[in-house]
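I have placed the structure first, in the form of structure tokens, so that the comments after it can refer back to it.
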Amino acid sequence: MAEPDYVIAGAGIIGLSLALELHRRGASVVVLEAGTPMAQASTAAAGMLAADDPHNPIALHALAKVSTSLYPGFLDHISDLSGVRIPFQTASTLQAVSPDADFLSDPKALVPQLEPGSHRFSLLDERSVDPRQLAEALLMAVRNTRKIEGRGIDLRENTPLTRIAAGPASVRVETPAGSLSAGYFVDCMGAWSPAPVAPRKGQMLAVTLPKSLPLKTVIRTEKIYIVPRTDGPNAGRAIIGATVENAGYDLKVHPVDILTLNAQATALLPELAEALFVESWAGLRPATRDDLPILGPSPRQPRYVLANGHFRNGILLAPATAHVVAQLLMGENVDVDLAPFDPGRF
Ligand SMILES: Cc1cc2nc3c(=O)[nH]c(=O)nc-3n(C[C@H](O)[C@H](O)[C@H](O)COP(=O)(O)OP(=O)(O)OC[C@H]3O[C@@H](n4cnc5c(N)ncnc54)[C@H](O)[C@@H]3O)c2cc1C
């Protein structure tokens with residue numbers, strides 16, 4: 001194979017969304033994946049597109065807003081290539097807010113089963129997706145680029161990046177299956193990145209909602225969120241999450257943590273006491289010290305580009321990350337000020 005324009009390491013939502021965007025712009029792309037594509041954080045997520053979560057850093061706002069506006073086109077592009085429709089699951093979120101913020105006088109008008117307790121809620125115009133549904137379609141879209149068009153994305157599973165040498169004119173990457181040169185390398189290795197990114201574990205559970213709780217709205221407090229699935233194979237379920245833990249690369253699920261999450265959710269929605277447990281799992285968010293992603297060229301190696309550290313918002317930020325990193329790689333003006341995400345800030 002001729003030398004590709006770009007080699008991406010990591011086939012999570014960030015790596016595959018970027019690969020698709022670069023491919024759409026006519027570039028040749030190889031994606032190296034250490035294990036199975038879309039099997040780590042990107043399918044452990046709840047799928048909230050929480051651009052207006054008051055706990056997000058302020059510096060994330062512009063990128064998050066761009067991503068929200070790109071989302072419908074992002075899903076359409078994946079649907080066109082995969083033949084799979086990816087619906088938004090919800091269109092609103094009841095967000096617990098601090099006492100000085102504007103709040104709804106009657107949140108029970110929207111969710112009659114809600115027991116707000118001491119919480120005050122505002123209503124956010126926010127959507128969510130089912131990350132597993134999205135993952136399947138995204139992977140199919142990436143694979144179909146090889147069937148539909150001449151020069152498709154070359155996705156290599158079970159092929160970890162083991163070494164990288166970036167020079168002034170090209171990069172050379174090594175894997176157990178051999179080495180490869182390319183114009184640029186992009187690190188999308190999530191929590192496994194050698195950049196200043198650390199795994200932040202999240203445990204969650206899924207339940208089947210009782211008929212008495214036909215929830216259509218996300219409910220989110222500082223401690224807990226309840227995210228209903230309304231369309232597709234998981235319709236009628238809700239995701240309850242999530243812990244935020246510094247536990248290294250441990251992916252064990254602890255029943256006591258799952259019971260605590262369930263109890264906190266049931267305090268808000270007592271009807272959840274009738275819900276049926278479906279499954280529990282854990283994933284590793286790629287976290288940075290300032291909760292902001294790392295986007296851009298490495299300070300000393302311009303052909304070594306970073307796109308990781310998306311922490312709690314990688315599903316939300318995938319379209320904007322793909323868009324701005326593709327602009328950067330192709331030498332275009334970038335639509336968002338990337339200064340807050342500068343890899344040199346640590
Ligand atoms: C419990 C939980 C709930 C979440 N909820 C939400 C939510 O509601 N909304 C939201 O926007 N975000 C949410 N997130 C965050 C979101 O899931 C992540 O930010 C996002 O998935 C990160 O994507 P990624 O592609 O960077 O990482 P990953 O999906 O982890 O992908 C990284 C990939 O790199 C591969 N890799 C590692 N090392 C190598 C190597 N040496 N060579 C090649 N490949 C390698 C890995 O195998 C993996 O496939 C949640 C996360 C968790 C854990």
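Just follow the structure's listing: the first ligand is 1, and inside any ligand the first atom is 1. If you read the sequence from its start, that first residue is 1, and numbering goes on from there.
Ligand 1 does not have N308 within reach: every non-hydrogen atom of the residue lies 4.0 Å or more from it.
Annotation: G35 places no N or O atom under 3.5 Å from an N or O atom of ligand 1; distance criterion only. For ligand 1, the polar-atom distance check finds an N/O of A46 within less than 3.5 Å of one of the ligand's N/O atoms. Ligand 1 has a nitrogen or oxygen under 3.5 angstrom from a nitrogen or oxygen of L316. Checked against a 3.5 angstrom limit, the closest N/O atoms of A191 and ligand 1 fall outside it. Of the N or O atoms in G314, one or more lie within a sub-3.5 Å distance of an N or O in ligand 1. For ligand 1, none of its N or O atoms has an N or O atom of L317 under 3.5 Å away.
Shown here for I239 and R229, the closest heavy-atom pair between the two residues is CG1-NH2, 3.3 Å.
Within the listing of ligand 1, atoms 1 (C) sit less than 4.0 angstrom from a heavy atom of G202. Interface atoms of ligand 1 facing Y225, defined by a heavy-atom separation under 4.0 Å, are 3 (C), 5 (N). Of all the atoms in ligand 1, the ones that sit under 4.0 Å from a non-hydrogen atom of L32 are 43 (C), 44 (N). For ligand 1 and L161, the ligand atoms under 4.0 Å from any heavy atom of the residue are 40 (C), 41 (N), 42 (N), 43 (C). Annotation for ligand 1: atoms under 4.0 Å from non-hydrogen atoms of I14 are 23 (O), 24 (P), 25 (O), 26 (O). Shown in contact with I13 at under 4.0 Å from a heavy atom are these atoms of ligand 1, numbered in order with element: 23 (O), 25 (O). Of all atoms in ligand 1, numbered sequentially from 1 with element shown, those under 4.0 Å from a heavy atom of G283 are 53 (C). In the vicinity of R312, heavy-atom distances shorter than 4.0 Å reach the ligand 1 atoms 6 (C), 7 (C), 9 (N), 10 (C), 11 (O), 12 (N), 13 (C), 14 (N), 15 (C).
Salt bridge present: D290 and R345 bring a charged side-chain N and a carboxylate O closer than 4.0 Å. Using a 4.0 Å cut-off between charged nitrogen and carboxylate oxygen, K65 and E126 do not count as a salt-bridge pair. One finds a salt bridge joining E332 and R25 here, because a Lys/Arg side-chain nitrogen approaches an Asp/Glu carboxylate oxygen to under 4.0 Å. Between E279 and R132, at least one side-chain nitrogen of the basic residue sits less than 4.0 Å from a carboxylate oxygen of the acidic one, meeting the salt-bridge criterion. Between R312 and D291 there is no salt bridge, since no side-chain N of the basic residue sits under 4.0 Å from a carboxylate O of the acidic one.
Counted by atom type alone, T175 and T159 present zero donor-acceptor pairs between their side chains at under 3.5 Å. Using modelled atom types, one finds no donor on one side chain facing an acceptor on the other under 3.5 Å when comparing S122 with D102. Using modelled atom types, one finds a donor on one side chain and an acceptor on the other under 3.5 Å when comparing E245 with T243. Between H61 and N56, the side chains place no donor N or O within less than 3.5 Å of an acceptor N or O (distance only, hydrogens not considered). A side-chain donor-acceptor contact under 3.5 Å links Q89 and Q133. Donor-acceptor pairing under 3.5 Å is recorded for the side chains of S179 and R172.
The protein atom (non-hydrogen) at minimum distance from atom 37 (C) of ligand 1 is W192 CB, 3.4 Å. Nearest protein heavy-atom contact of atom 35 (C) of ligand 1 is E33 OE1, 3.3 Å. Distance from atom 44 (N) of ligand 1 to its nearest protein heavy atom, with residue and atom name: A34 N, 3.1 Å. Nearest to atom 19 (O) of ligand 1 among the protein's heavy atoms is F311 O, 2.8 Å. The protein heavy atom nearest to atom 34 (O) of ligand 1 is G10 CA, 3.3 Å. Nearest protein neighbour of atom 9 (N) of ligand 1, counting heavy atoms only, is M48 O, 2.8 Å. Looking only at protein heavy atoms, the nearest one to atom 21 (O) of ligand 1 is S42 OG, 2.9 Å. Counting protein heavy atoms only, atom 31 (O) of ligand 1 is closest to G12 CA, 3.4 Å.
One option in G15, A44, A318 has a heavy atom closer to atom 2 (C) of ligand 1 than any other, and that option is A44. Of the candidates A50, P37, P286, P286 brings a heavy atom nearest to atom 22 (C) of ligand 1. Of the candidates G241, G47, S193, it is G47 that places a heavy atom closest to atom 7 (C) of ligand 1. In the candidate list R285, Q203, H310, R200, R285 is nearest to atom 51 (C) of ligand 1, counting heavy atoms.
At a heavy-atom cutoff of 4.0 Å, ligand 1 is contacted by no atom of W281, backbone or side chain.
At distances below 3.5 Å, at least one donor-acceptor pair connects side-chain atoms of K108 with backbone N or O atoms of L114. Side chain of W281 to main chain of Q203: no donor-acceptor pair is present (N/O by atom type, distance under 3.5 Å, no hydrogens or angles).
Side-chain contact between P293 and L60: present, with at least one pair of heavy atoms (C-beta onward) separated by less than 4.5 Å.
Relative ring orientation between Y304 and F185 is described as perpendicular, the plane-to-plane angle rising above 60° on a 0-90° scale split at 30° and 60°.
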